[in-house]
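Working notes, structure below.
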Amino acid sequence: MESPLKNIPMDVQLELQDKFEKVSKLLNEESKLDPPNNPYRSKYKAQTILNEMKTLITYHMDDLASDDAERPRIHAMLGSVLLNLGVTSLDVEELSTGEEQLNNCIDTMEEFRLHPLCIIFVLNALNQLGILWSERDDPKRSLELLGLAEQTYKDFKADQQGASKAVSPYDLFSTSDKKDDGEENLEKTHTLTLYYLAQVYGTLGHTLKSALYCHNTLRRQLESKEFDPIDWALNSATLSQFFATHNGFKEARHHLAAAQLILDRHKETLDQQEESTEEKDAKLERLNHRSADVSRCWAKYGLNLLQMSQSRLVRLSNEDAPDGRIPPCVEDGSLTLRNLAVSSLISPDEVENLTFPSLELDVLETCVTDKPANVFEEARPIFLNAKDWLDKAKQYYTMENHASDAVEIMQDTSRLYQSLIFFEDDEDRQSKMHKRRIDILEEALGQLNPQFYLPICRQLWFELAETYTEMFEIKRQKMRSSDEGPTPHSLHKINQLVAKGVQHLNNFIQSLYAKGTKSLPEVIQEELVRPLLLAFFYLGKLYREFIVPDREVQLRNLNNSIDAYKFIVTYCDKHESAKNLMSAELGICREMLELLPLKLRRLSEA
Amino acid sequence: MPHSLSCLAAIQQLNKIIQHTMRDINLTNKWSNENKSRQNASVTPNSTSKATPKDPLNSSTTNVTIEMKTFITPSKRGKDGFATPKSAATSQQKPGQSFSQRKAHASGTDSTTTPVRNFTTPSSSFKTPDLVRSNSVSQKRKLFNTPTAKHPDTPIPRKNANQSLHTSMVESEEECNVTVAVRVRPLNSKERGEGSTIKTDQDGVVTVETSDGSTLSYQYEHCFGPDATQMEVFRDLVHPLLTKALEGYNACLFSYGQTGSGKTFSMMGIEAVDGCKMGREAGIIPRFGFSLFEKINRGKLKVSIEVSYFEIYNEKIRDLLSDDLGPSLRHQAKPTLRVREHPQDGPYVENLTVQSVSSFDSLQGWLRLGLSRRATAASAMNDKSSRSHSIFTITLTQGPKRSKVHLVDLAGSERLVNTCATGDRLREGVRINTSLLTLGKVINALADKTKKSFVPYRDSMLTWILSVSTVHKFISLVGNF
């Protein structure tokens with residue numbers, strides 16, 4: 001490429017080139033074959049050669065005039081050597097040495113940091129230092145360095161105006177004309193900067209910022225055409241989950257459609273390979289597995305959209321109420337992605353156009369809306385779309401082979417029905433949908449062995465109790481609004497629903513009993529305290545919903561109800577932390593414990 | 001003294017692991033009584049070479065041994081006792097298990113090169129079942145030190161901990177017994193100058209000198225000093241497991257510790273060169289196999305033995321004993337195995353090769369083959385074995401009784417952060433990675449961890465295999481009653 005240097009004798013230049021090639025070979029090829037009991041052998045060898053190169057270059061650098069035209073190149077050569085030394089030191093876990101070498105590298109090139117010969121080394125050194133500080137648990141320092149790398153790249157792009165292109169490390173030492181693509185190398189390095197920034201922002205808790213950088217990383221990967229289609233699709237689909245839970249449905253759908261398209265294309269490529277080999281089967285299995293994952297992400301998208309629609313309608317109906325003003329939030333759609341950007345000190349423009357312009361996604365995007373539903377007719381297509389995706393995912397995640405995933409899918413199906421019920425006015429159809437939920441959840445519960453799946457079983461007991469309660473409330477409402485008054489049939493039905501709810505809550509509570517006993521342990525695992533206390537809270541309520549003429553049974557139910565509230569109050573009195581968890585319910589419990597004994601007395605005296 | 005700092009950090013990490021592991025096992029075990037009969041009834045001696053769902057790795061009853069580098073349990077012992085299914089007493093957990101609350105900061109220096117020294121583990125009191133209760137109502141954790149596994153002449157990972165302990169945690173079956181032992185390896189030449197700050201005594205107390213000159217002592221079930229032999233470790237810690245296994249209990253032994261702390265030395269040891277069957281330096285696994293067959297032969301027991309051996313590397317499972325492949329490159333091209341979850345029988349490794357063995361020699365043959373395959377795979381990937389977990393499973397079938405013993409050599413604890421059974425895994429920030437392939441982890445950390453989103457990355461294969469319940473530990477319940 002470049003003409004030979006005047007300041008360095010040709011034989012030295014050739015020696016440098018030779019050494020550089022040796023180092024590349026040691027680091028890129030031979031180090032992979034280092035024996036397990038000496039894993040850094042090649043790296044240590046490379047270090048020795050690099051130090052020799054450093055001495056050679058430094059020797060010839062001392063005499064350079066300050067305006068010598070070859071200065072940038074010679075500085076770049078030294079910078080390249082220092083970068084390699086730094087990275088190698090980090091690899092062999094000599095962190096402070098590596099840090100020093102990387103800092104030297106940047107200092108050496110400071111004057112020429114935007115020079116096409118130097119830019120790649122500067123960016124790489126900054127990236128490496130960013131990683132180093134992140135590993136030292138100093139993400140802020142890491143952010144500074146990576147931010148500098150990002151800015152340097154931008155400055156180079158602005159400065160360069162397309163005139164001169166970045167030169168790759170290989171060409172720097174080469175005396176021949178063989179050309180490496182420096183431009184590609186530069187872009188890759190920058191992609192890595194963005195990717196590291198995504199991580200640092202994530203670590204610092206700036207989730208939206210991190211998501212933006214993830215998106216940019218994905219977009220650049222796509223443009224560079226260097227990516228694994230399945231990984232990429234999976235990443236895009238996962239990122240969609242962030243957007244879907246932050247009221248960015250348009251963005252979420254775009255990322256899902258992109259994931260889908262990449263998977264579809266990948267499937268076509270695989271299908272073209274005719275012969276069936278073990279390797280191909282493994283690839284197909286991976287594709288099916290990950291396609292099922294993307295399907296589940298689609299389903300979550302629909303579920304989130306329906307849930308947001310519901311909260312939004314609740315908010316709108318409350319807005320006229322004098323005290324109905326609640327602060328805007330993501331869940332009810334009153335806080336947009338743009339609002340979030342502003343509150344995260346990000347320019348709202350940055351969250352516009354989070355798209356993959358190189359992909360044709362219109363067809364896939366039109367399959368489902370990204371707008372909240374107002375009425376049943378709008379909610380239903382979202383529901384059907386999401387349910388289709390769940391059915392698709394179920395083909396891979398079968399109960400037989402993937403029990404816990406299969407159950408999660410069933411739970412999502414139940415939640416989809418739950419969301420649709422909100423838009424359904426007809427009580428009978430509401431009941432039918434609740435019945436559907438119950439069937440799904442009870443089927444799941446029936447198949448699982450609690451020995452292995454206890455936490456899931458607990459969720460199912462709780463969700464079933466919840467569903468029975470909702471269904472019971474519809475029936476009671478219907479009975480109350482009916483002109484004919486309660487019929488034996490409707491009373492029986494109501495008691496049955498209440499009994500089922502009670503039974504599932506008790507199953508849940510009993511699953512927490514201390515081993516071999518019939519009582520709860522003194523201290524409950526932290527993450528189960530609220531569920532447990534809530535179970536008692538609902539139990540206290542449900543026991544009073546039985547409609548029975550027999551006074552003995554009434555007394556027993558009332559006592560059960562009192563016991564449930566007592567448990568909550570006693571537990572909270574003993575455990576300060578539980579009090580905070582139950583702040584909303586605890587007051588009601590205390591009130592109940594004042595009222596219910598009176599009722600009990602009246603009942604037993606009557 | 002950055003030592004103590006990084007040690008304390010490691011201790012805290014370990015405490016969480018132990019706490020969570022035990023809790024999960026505790027949960028799981030709750031049902032083991034009811035299910036035991038069913039399970040036993042359904043098990044038929046199975047000599048086919050593939051594991052069936054009948055062999056869930058996730059046994060209801062587990063003996064966990066965690067060996068780790070340096071563990072310290074505060075001598076004021078907290079209780080996180082676990083009631084057993086059989087015992088009528090309630091389990092008790094004290095809230096403030098006194099873990100060391102110190103916060104460790106990674107300093108800007110190469111502090112990673114220092115050993116982990118102190119680990120706090122909750123010491124625990126467990127209710128033992130009736131049959132054992134006479135011995136001990138509350139069991140204590142013990143520490144033991146591991147001798148250096150690395151040959152003195154290997155300069156490599158300069159990261160070598162200069163002094164390290166192993167802790168072993170044995171959790172047994174129905175009793176839900178966990179034993180933790182710590183083994184301290186001898187100092188290497190470099191460390192000798194710095195002097196030891198860890199002292200062990202006969203009663204399982206480990207004392208660690210901290211940077212400010214104060215000392216902390218921790219009590220474990222066993223602790224083994226630098227002079228302890230492989231035989232002593234086996235006799236005190238592992239032999240009881242063997243007895244339990246022959247009684248039909250499942251057992252599990254983990255070794256835990258930083259890279260270079262001697263985990264693999266403890267587990268595998270060094271084979272005798274003189275052809276002697278059980279050399280001085282032989283480790284836990286060969287000793288276990290040897291004693292097992294000795295007992296069988298001496299007692300003329302009718303026990304059929306099967307072994308399987310796999311490793312988890314990069315969240316992938318590699319079968320180390322498959323019939324059709326040698327330790328060739330083809331071995332790696334073979335698709336990795338998958339974990340399946342059966343609704344009734346729990347998780348298991350699909351198509352895992354199970355080899356039937358009739359003598360110690362054949363057991364050791366398989367062990368050697370597996371080891372060689374493991375090593376080949378590791379060096380071809382430019383990786384140290386410290387990055388993979390390996391699990392050697394021995395299945396004992398005596399008539400209708402079947403028990404499994406898992407002997408697990410975990411990856412170096414410094415790599416374990418993301419693999420462990422801790423709930424904190426999900427909340428952990430993502431460390432910088434240089435490969436774009438792991439972009440998933442970044443996004444993963446952004447996603448809402450409640451039921452609202454689906455995050456399709458399944459980390460911690462090991463946890464998943466050993467205890468499916470941990471994966472689903474989080475319950476988020478939203479009730480609108």
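Remember, predicted model here, so these are calculated numbers, not experimental data. Residue numbers start from 1 in every chain, and the chains themselves are labelled A, B, ... in the order their sequence lines are given, proteins ahead of strands.
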- [ ] First locate atom CD of B:Glu350, then atom CG of A:Asn401, and finally report the distance between them rounded to the nearest 0.5 Å.
- [x] 6.0 Å
TODO: Identify which of A:Lys283, A:Gln307, A:Arg296 forms the greatest number of heavy-atom pairs closer than 4.5 Å to chain B.
DONE: A:Arg296
Task: Short side-chain to backbone donor-acceptor contact, B:Gln344 and A:Gln447, under 3.5 Å - done: yes
Task: B:Phe454 CZ to A:Ser295 OG distance, which is reported to the nearest 0.5 Å - done: 10.0 Å
TODO: Could you tell me which residues satisfy ring-ring contact (aromatic ring centres under 6.0 Å, His included) with A:Phe472, sequence neighbours excluded, listed by chain and number?
DONE: none
- [ ] Go through the atoms of A:Ile409 and report whether side chain, backbone, both or neither lie under 4.5 Å from a heavy atom of chain B.
- [x] neither
Open item on the list: Tell me the closest heavy-atom pair linking A:Tyr453 and B:Pro343, and the distance in Å.
Closed with: CE1-O, 3.2 Å
Open item on the list: Counting only non-hydrogen atoms closer than 4.5 Å, does A:Ala211 touch chain B with its backbone (N, CA, C, O), its side chain (CB onward), both, or neither?
Closed with: both
Open item on the list: Quick check for you: among A:Ala406, A:Cys297, A:Ser210, A:Gly130, which has the greatest number of heavy-atom pairs under 4.5 Å with chain B?
Closed with: A:Ser210
Task: Side chain, backbone, both or neither of A:Thr238 within contact of chain B (heavy atoms, under 4.5 Å) - done: both
- [ ] Grab the two heavy atoms, one from A:Ala403 and one from B:His342, that are nearest each other, plus how far apart they are.
- [x] CB-C, 4.0 Å
Task: Gap separating the CD atom of B:Glu341 from the CG atom of A:Asn449, nearest 0.5 angstrom - done: 12.0 Å
- [ ] Quick one: which of A:His289, A:Lys518, A:Arg286, A:Glu285 has the most heavy-atom pairs under 4.5 Å with chain B, could you say?
- [x] A:Glu285
Task: Distance-minimising heavy-atom pair for A:Lys300 and B:Lys452 - done: CD-O, 3.5 Å
